[in-house]
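Here is the structure we will look at, set down as C-alpha cells.
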Amino acid sequence: MKASGGGDVGADQHRSVAPGTSVSSMGLRSVMRVRFAPSPTGALHIGGARTALYNWLLAHGPGDGPEGGAAAGRGSFVLRIEDTDRERSTEANVAQIIDALAWLGLDWDEGPVSQLANTPRHQEVLAQLLARGQAYHSSAGAEDVKAFKLAHGAECGFRGEPEPSGAVRLRVPQEGETGFVDLVRGELRFPNASMDDPVIARADGSVLYNFAVAVDDLDARITHVVRGDDHISNTPKQLLVFRALGAEPPLYAHLPMLLGPDGKKLSKRHGAASVQELRDRGYLPEAVNNYIALLGTGFDPDEEFFTMAEMAARFRLDRVSRSPAVFDERKLRHLNGQHLRALTLDELTERLERFTGRSGLREAVAISREKIQTLADFWPLAGFFFDGPADDPAAFDRVVGAAGAREVLLQARDALAVLEHFDAGSIERVLRELVDRLGLKPGEVFQPLRVAIAGTTVSPGIFESLALLGRERSRALIDAALARAQARA
RNA sequence: GCCCCCAUGGUCUAGUGGUCAGGACGCCUCCCUUUCACGGAGGAGAUCGCCGGUUCGAGCCCGGCUGGGGGUACCA
C-alpha cells in the first residue's frame, strides 16, 4: 500500500496561518486513537451511530501513517460516556447506547469510561489553570455578558475580572485567532477577540463539557477527534484549553448533520430515528452500517454495497461530504435486501428465528429470501406455513370466488393427489399440464391455489409452497378453501 | 445581533479547469414470469442556488448575494 490521504493531511497541518494564530500542528501518527463520546441524554440515533461508525472505521482502517496500518498496527477505539450533565444523563440511556453499539457491531477497545469518574483529574487541572492565572473565578452571568456586549459591541468577546469566587472562566487571549485544519472542511479560524471567556467550571466547582473533553482527550492520548459539526464552534474553546496546558491537541474532523425526510434536523418524531427502531423494523446491522456510511461519503464511483471490512479499508476522512444528508429509508430498504441475500441460508434463518421468536424456519426462508427486503417482511409472506392461511376475505372472494375458480381447485387437488413424489418439480409439471388441459392462463390456476393455501395473494412460489406444506396439508387447505367458497357463494 | 459552517436531478453521491455532468435509491416502460420480489434492458428527471470575476475554456478557482444550518448556557 502506498502513502495516501494521511500524508497530505500532515502536510496541510503545517500550512502557515496568520501570525498570532494557534493552529493544531500535530505531526503524522502511525496509530490512530479515536473515540466516540455520546452524552446519555437520549437514545442513540442514526446521526450518532454514523459518528460511531466513522470512528470505528478509522480505528480498523489502514491508519493515517505513511505505511498505513500494516506497519503501524490497528488503531484504538475508545468509548467515553459524557455524563457531566447530571440533570439529563441517565443509566437507562447509557445502557441503550451500549446496546445499540453492540448490535451494530461497533465494538470498542477501551471503555466505556465515565467522564464523571474522571472528576479528580479535572479538579487537579482546573486548580493548575487557576494557579497560573490562565483561568479565573467570575460571578458574571448571562445578563452580565449581555450587558458587556451592549457596552463593547456584539463582536467583542466577554472578558471578566478575577473575583474571589464564582464560576471559573478560561482566559482567552485578546490578540490573534484560534484555528485548526479540520480534516473534512479544511482550515477553520476563529478570531480570539470575538470569543467570550468560556465558563469551564460551575460555581460549585463541577467542570463543564468543553473543559472536561479537552482534558479527557489529552489524557486518553486521542489522536483524532471525529464528531458532529455542531461541535465546530466548541473546538476553539477546547483548543484554548490544550494551549493553556501547553499540550499538543488532537486532529479534528467534523461530520455534517443528518436530516429527516422533511429536510429538518433528525429527531424522535422522524420514524426510524433511533438504532433500536431500525432493528425492530427488521433491518440488518450490516445494512444499517453500509447505508449510514454512504450518507456522507462515497467509497467507489459506481458501487454501493460494502462489508465493514471493505469500508474500513476504503474510508477516508478527506472524502467525507461537507453538506448535511437526508436519511432515506427507501434506500436503506434496498440495501438491506442486498445484505439479506448475501447472507448464507443458515445465517439468515438464525436471524429470522431470533427476530420472529419462532423456530424451524429454514425451509420457508429458503423459498422466501428472494422476496423480502427486511426481516419484518418474512412473516407476512411466509407465516401461513406455520399459523395457517392469512385472513384476507377480500382477496379470497375476488380470487377463489371468481368464476371457474372452484372447478380449478377441484381439478388441482385431484391432480396433486396422484403425484408419486410431492416435490416442487413434480408439482410444477402436473399443474402446468392442468393449465394446458383446461386451456387457461397460468395465473388462473396458480392464483386460486395460492389464495387457498396462503389466504392471500402474495406468497413464495406456488410449487415450492405446496411442496413445503406437504401433500396432506395442501389437500386439507384446498378442501377448506373449497368448503369456504361453497359457504360464501 | 454576533461567530462559524454548508449549497451537483426528489434523495444519497462521483466529478477536483477541457467527452452529451457518471452511479445508486425512488419513479415510468419493457423483458423474465405464477403473485410479490429478484434479475436484465431502456426512459423521464440537473439552467451544477444566484450574480459577478479569473481563464481560450468553470460544477470545479476568487468575490459578493440569497437560501439553509450550527454555536452564542454555571447543556453536551
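Every chain is numbered from 1, with letters handed out A, B, ... down the list of sequences.
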Just checking [X]: base, sugar-phosphate only, or nothing, at a heavy-atom cut-off of under 4.0 Å?
| X | answer |
| --- | --- |
| A:S465 | nothing |
| A:G141 | nothing |
| A:P460 | base |
| A:S89 | nothing |
| A:R185 | sugar-phosphate |
| A:R369 | nothing |
| A:Q338 | sugar-phosphate |
| A:A325 | sugar-phosphate |
| A:A167 | base |
| A:H254 | nothing |
| A:F463 | base |
| A:I462 | base |

Handout entry: Shortest non-hydrogen contact between A:T349 and A:L345, atoms and distance
Key =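 Nearest pair, atom of A:T349 first, then A:L345: OG1-O, 2.7 Å.
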
From [options], nucleotide with atom closest to [X] side chain:
| X | options | value |
| --- | --- | --- |
| A:R341 | B:C38, B:A76, B:C12 | B:C38 |
| A:S323 | B:A14, B:A7, B:C74 | B:A7 |
| A:M257 | B:A14, B:C12, B:G70 | B:G70 |
| A:T84 | B:A76, B:C2, B:C6 | B:A76 |
| A:E304 | B:C75, B:G71, B:G23 | B:G23 |

For the pair made of [atom1] in [X] and [atom2] in [N], what is the distance, rounded to whole Å?
| X | N | atom1 | atom2 | result |
| --- | --- | --- | --- | --- |
| A:D217 | B:A76 | CG | P | 14 Å |
| A:D230 | B:C3 | CG | C1' | 16 Å |
| A:N289 | B:C12 | CG | P | 20 Å |
| A:I232 | B:A76 | CD1 | P | 20 Å |
| A:R450 | B:U34 | CZ | P | 10 Å |
| A:F190 | B:U72 | CZ | C1' | 12 Å |
| A:R322 | B:G70 | CZ | P | 19 Å |
| A:L188 | B:C4 | CG | P | 10 Å |

Below the 4.0 Å mark, does [N] have OP1 or OP2 next to a side-chain nitrogen or oxygen of [X]?
| X | N | value |
| --- | --- | --- |
| A:R202 | B:C75 | yes |
| A:S194 | B:C2 | no |
| A:R432 | B:U34 | yes |

Does any non-hydrogen side-chain atom of [Y] lie less than 4.5 Å from one of [X]?
| X | Y | result |
| --- | --- | --- |
| A:F36 | A:W108 | no |
| A:Q123 | A:L126 | yes |
| A:L431 | A:L449 | yes |

Exercise for the section: Would you kindly check whether a donor in the side chain of A:N234 faces an acceptor in the base of B:A76, or vice versa, at under 3.5 angstrom? Expected result: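 By the distance-only test, yes, there is a pair.
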
Problem - Side-chain-base donor-acceptor pair under 3.5 Å for A:K371 and B:U35 - result: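 By the distance-only test, yes, there is a pair.
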
Problem - Comparing A:V458 and A:C156 on RNA chain B - which has the more 5′ nearest nucleotide - result: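 Closer to the 5' end of RNA chain B: A:C156.
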
Practice task
Using heavy atoms to find the nearest nucleotide of RNA chain B for A:L294 and A:G443 separately, return the residue whose nucleotide is more 5′.
Solution key: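 Going by which nucleotide is closer to the 5' end, it is A:L294.
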
Handout entry: Euclidean distance for C1', B:G26 against B:G64 (whole angstrom)
Key =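 My reading of the C1' atoms in B:G26 and B:G64 gives 37 Å.
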
Exercise for the section: In whole angstrom, give me the gap between the C1' atoms of B:C65 and B:A7. Expected result: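 Their C1' atoms lie roughly 13 Å apart.
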
Practice task
Might you work through the salt bridge (charged side-chain N to carboxylate O under 4.0 Å, His left out) test for A:E347 and A:R351, ending with a clear yes or no?
Solution key: CA-CA 6 Å; A:E347 181 62 32; A:R351 302 217 199 181; 2.8 Å; yes

